[in-house]
Every structure is written in structure tokens, then in C-alpha cells.
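These numbers come from a predicted model, not from an experiment. Within every chain, numbering begins at 1; the chains are lettered A, B, ... in the order of the sequence lines, protein sequences first and strands thereafter.
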Number of protein chains: 2
Amino acid sequence: MSEAATGERRQRADKQRNRTHILEVAERFFAEQGITGSMDAIAKRAGIGPGTLYRHFPNREALLAALLQARDEELEARREAIRGEVTDSRAALAQWLRALGEWVTAFDGLPEPLRAALTGDTSPLALTCQSLITTTEEFLQAAQRDGGAKPWVRGRDLFLSTLATAWASGAVLADASSLDALDSLVRTGWETPEAGDA
Amino acid sequence: MSEAATGERRQRADKQRNRTHILEVAERFFAEQGITGSMDAIAKRAGIGPGTLYRHFPNREALLAALLQARDEELEARREAIRGEVTDSRAALAQWLRALGEWVTAFDGLPEPLRAALTGDTSPLALTCQSLITTTEEFLQAAQRDGGAKPWVRGRDLFLSTLATAWASGAVLADASSLDALDSLVRTGWETPEAGDA
DNA sequence: AGACGATACGGAGATGGTCTCCGCATTGTC
DNA sequence: GACAATGCGGAGACCATCTCCGTATCGTCT
């Protein structure tokens, strides 16, 4: 009864094996085809039946949430790196937002369910979003204390902006300069003017 | 051969009747349910078969494009009103962007296909987008001539920002202040600082 | 090792959506 | 009133999501 401590029976070995295998396959699949690809196709590629896929992850969102949780750790590492290396709080916020932007562009179409998670609150993605907003809030507050960011801006708004920019960037494949333009548009929005700015 | 001038045969009366009827029904439907609602449901509500719907509009985008073309006229009227009434070019641009933002929120989910039309270029919505970008460009250039907008901003980027803001605003039902926050974030991006600003 | 209960798997199929095809009805003309 | 030409309707092909249950596999207990 060693598993009594966790209150749950230990799960079967094949189940665990299947779960990690599904995640590996889904990660490649989403990276290649975007997150709207057919679920049954993922099951087929993983060599399992649709029933098995859906027992592990009851819908696309749940699968996505599990995938992102793994990627979350990379982002946390990035956060710690920025905290350790970047002393200027304004630059730190900028770098964090950049990291966030890259993270959210990992899979094509990812911004959509993340935005939905902000309203739906019942989504398994909601937790991930919340933690990202919190981190953004921390960087933002530090920058605001040092006068590097405008005091009325909120972390949630910056997160939404990042999401929106990533969403829009799906349209600028042929025109990468638009992405930079949007980024700097937003950045001008939260940053305080440098001394000597027009 | 009075129709030879246009190069086409005059279409049957019932066809024309059906077309306008479909448009009326679809407009209400999209306004109520958002643009992702079932096409067959629209046909049913219009009292016609799906085949008829698809013969008039081969897909959702085509239907949307026809709908927006009608709404386009309202927006053009708005544009002329701004041109006539607002003398300050900076304020004119701001008002135009506001009108654009409202226009694009008329149907829930509209930003998505509009963004897609910017890349796909084969979309029937591409023309509409292009004309909106052109108008934005005109207001922007006027503002830039008068020193009211930063010279490096492009009309296309402002249009994308408006789209992105409208997209994000789907997430802020419970929190309307976020929408204002995003708007002002973007506005700070393109506007030149007023004299005496921080 | 063997047998038994619990657990997980697989895939057939229910449901719902997009879009097509073709026999039939409606229209406009002579 | 008859005859092309044109448009209509809806059955159904196709694809996606997600469920259900008979069957296979696993872990355990003797």
C-alpha cells in the first residue's frame, strides 16, 4: 500500500508508456501542422486507436495543456536566466515579453485557445495562462518601480498584447517587418520615453 | 440584347430574390451566433436547401465577403463624415481607427478570416481588406504630414493592430477595461507625444 | 507458474459539419 | 401553351470529433 500516501492506485506501466508516446507524437505533429490538425490523425500516427487518445486527453485542449506544461519548464528556465543576468528591469521585461512571444509561436494557432482560456476559465489551459500573467506582472512591477514602464499598464494587458501580436504574426509570413512593427508599437505603449526622446 | 452591354445575360428574378434573402438571414445569423455557426443552419433558417446556399456563395468566405461589401458602404459614409467634420488629422486618424475597430467587431470571430485574407490573397475578402488598408494609409499620411503620427508607422501595421485588438477583445467580456488598455497601448505607439507629455 | 480481477486498448459507429450532384421545378421567351 | 435554359432542393459523400463496449493486457495473489 505504498500508493495509499498519494490516495491513488499506481497506474499501469503501459498506460504511462502510451501517455508519453502520445505527447511525443503530438508535439511533433502540432509543430508541423499547427494545432488544428485532426486528432484521429495523431492517434493514427502514434499507432493507437482514437479511444485511447481520448481516454488520456479528453479533448484537444487537454492534450495541448499537457504539452505546454512540459514546455513551461523551458520558459521558467528562461525566466530565471533573465532574472539572473539582466539587471535593468526595463530590459528584463522586454526580454521576458520576447521570450513569451516566441513560446507562444511554437505551434501555429496556439494564441487562439490561450485567449479562449482567458474567458472560459474552465479550460485546462487557464492555469498555464494565469502563471504566465503572474510572471509578466512581476517583471512589469519591477520595471514600474524603476520608472521603466508606465504605471497604469497592467500585466494582463501586456500578456494579451503578446498573444495578439503572435496571432497577427500568422499573417505576415511574407512580410516579417510587420511583426517588428507591431512589437515596437506595443513596446512604445508600455515603455516610458527615454531621456532625449522626441 | 440590352444585356449585351454588360456581357452577361440578365439573371432570373427568383435568383436575385433568393440572394438578397440569404444575405438578410445570414446577417442576422452571424450577428447573433458569430461567424462560425453552421452554414446548413443558415440555409434552413432561410428556408432553402444547402445546395442553393452554396450555389450563391461557394463557401463561408464568399458569403462573408458579400455581407461585408454591403456594410462597407456604411464604413465609407463614416469615412466621409470624418473627413468632412474632423479637421485635426491626428484626431481624424484616431476616429477612423475607432470606426474600423467597431466595424470589425460587428460579427464575433470576424478578425480571423480577415487576417487570413491578408496572407491567402486568393480570398474574396482580400479586396475589402486592401481598400480598408488604403483608407487607413490616407488618414495616416495626413496625420504624419501634420506631425501627429510617427513617420515610420505604416498603414498596414495599423490595420493589423486594429484587427489584433478586436481579436483580443473577444477575451475581455468581463473586463472591458482591457480593451481600452489595448487601444491606448496601440495609440501610444503611433501617436507623437503631445507637448508637455511625460 | 497459473488464474483471476482490475484496468486499459481498439475501432466501429453516432453525431454533426461542409460541400456536391443531379433529377425536378420554375422562369422567361417565341 | 410549349420549350429551352436556368435555378432549386435535398440525399448523400466525405471528414472530423468523441463514445461505447467487447477484448486484450497487466499486476497480484495463491
Side-chain angles (χ1 to χ4, degrees), chain A residues 1-4 6-23 25-26 29-30 32-66 109 112-113 116 120 122-124, chain B residues 1-4 6-26 29-30 32-66 108-109 112-113 116 120 122-124:
Chain A
M1 284 216 190
S2 63
E3 67 273 0
T6 66
E8 303 196 349
R9 214 169 259 266
R10 192 163 79 232
Q11 61 184 206
R12 269 165 54 164
D14 55 342
K15 181 175 187 180
Q16 184 58 45
R17 213 182 319 125
N18 261 329
R19 189 188 145 91
T20 56
H21 184 224
I22 291 174
L23 285 175
V25 169
F29 188 88
F30 283 155
E32 290 168 13
Q33 324 239 344
I35 62 154
T36 52
S38 150
M39 292 289 265
D40 282 25
I42 296 178
K44 190 169 286 182
R45 201 195 263 204
I48 60 175
T52 303
L53 174 56
Y54 282 98
R55 197 169 328 94
H56 280 277
F57 307 101
N59 50 47
R60 186 187 305 270
E61 286 225 316
L63 175 55
L64 217 43
E112 189 68 56
T122 54
S123 161
Chain B
M1 282 218 194
S2 64
E3 65 273 0
T6 66
E8 304 199 347
R9 215 170 259 265
R10 192 163 80 233
Q11 62 185 202
R12 272 165 52 163
D14 54 344
K15 181 173 186 180
Q16 184 58 45
R17 214 181 319 124
N18 261 328
R19 190 189 146 90
T20 55
H21 183 224
I22 291 174
L23 285 175
E24 285 168 9
V25 169
F29 187 87
F30 282 156
E32 291 168 12
Q33 323 238 347
I35 62 154
T36 52
S38 148
M39 292 289 267
D40 281 26
I42 295 178
K44 189 169 289 181
R45 201 196 262 203
I48 60 174
T52 304
L53 174 56
Y54 282 100
R55 195 168 331 93
H56 281 277
F57 307 101
N59 51 46
R60 186 186 305 272
E61 287 225 315
L63 175 55
L64 217 43
D108 191 50
E112 190 67 57
T122 54
S123 161

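Atom CZ of B/Phe57 is separated from atom P of D/dC8 by 11 Å (rounded to the nearest Å). Distance, A/Gln16 CD to D/dG27 P: 12 Å, rounded to whole Å. If you measure from atom CG of A/Asp40 to atom C1' of D/dC14, you get 14 Å, rounded to the nearest angstrom. D/dC8 atom P lies 10 Å from atom CD of B/Gln11, rounded to whole Å. To the nearest angstrom, P of D/dG10 lies 16 Å from OH of B/Tyr54. Atom CD1 in B/Ile22 sits roughly 11 Å away from atom C1' in D/dG7 (whole-Å rounding). The NZ-P distance, from B/Lys15 to D/dA5, rounds to 16 Å in whole Å. Nucleotide C/dA25 holds its C1' atom 16 Å from the CD1 atom of B/Ile48, rounded to whole Å.
For A/Ala66 against A/Phe57, the heavy-atom pair with the smallest separation is CB-CE2, 3.6 Å.
Not one side-chain nitrogen or oxygen of A/Thr52 sits closer than 4.0 Å to the OP1 or OP2 atom of C/dA8. Taking only side-chain nitrogens and oxygens, A/Arg55 comes nearer than 4.0 Å to OP1 or OP2 of C/dC9. At the phosphate of D/dC8, OP1 or OP2 sits under 4.0 Å from a side-chain N or O atom of B/Asn18.
Proximity note for A/Arg12 (side chain, C-beta onward) versus D/dT19, D/dG27, C/dT18: the nearest is D/dG27. For A/Pro50, taking side-chain heavy atoms from C-beta onward, the closest of the listed nucleotides C/dA12, D/dT17, C/dT27 is C/dA12. Here the side chain of B/His56 is nearest to one of C/dA8, D/dC8, D/dC18, namely D/dC8.
At a cut-off of 3.5 angstrom, counting only N and O atoms as typed in the model, there is no donor on one side facing an acceptor on the other between the side-chain of A/Arg60 and the base of D/dT17.
A distance of 5.5 Å separates CG of A/Asp40 from OH of A/Tyr54, quoted to the nearest 0.5 Å. Remark: B/Leu63 CG to B/Met39 CE distance equals 5.0 Å, nearest 0.5 Å.
Side chain of A/Arg60 to main chain of A/Gly37: a donor-acceptor pair is present (N/O by atom type, distance under 3.5 Å, no hydrogens or angles).
At least one side-chain heavy atom of B/Gln16 sits under 4.5 Å from a side-chain heavy atom of B/Thr20.
Of the residues near DNA chain C, B/Ser38 and B/Ala13, the one whose nearest nucleotide (by heavy atom distance) lies more toward the 5' end is B/Ser38.
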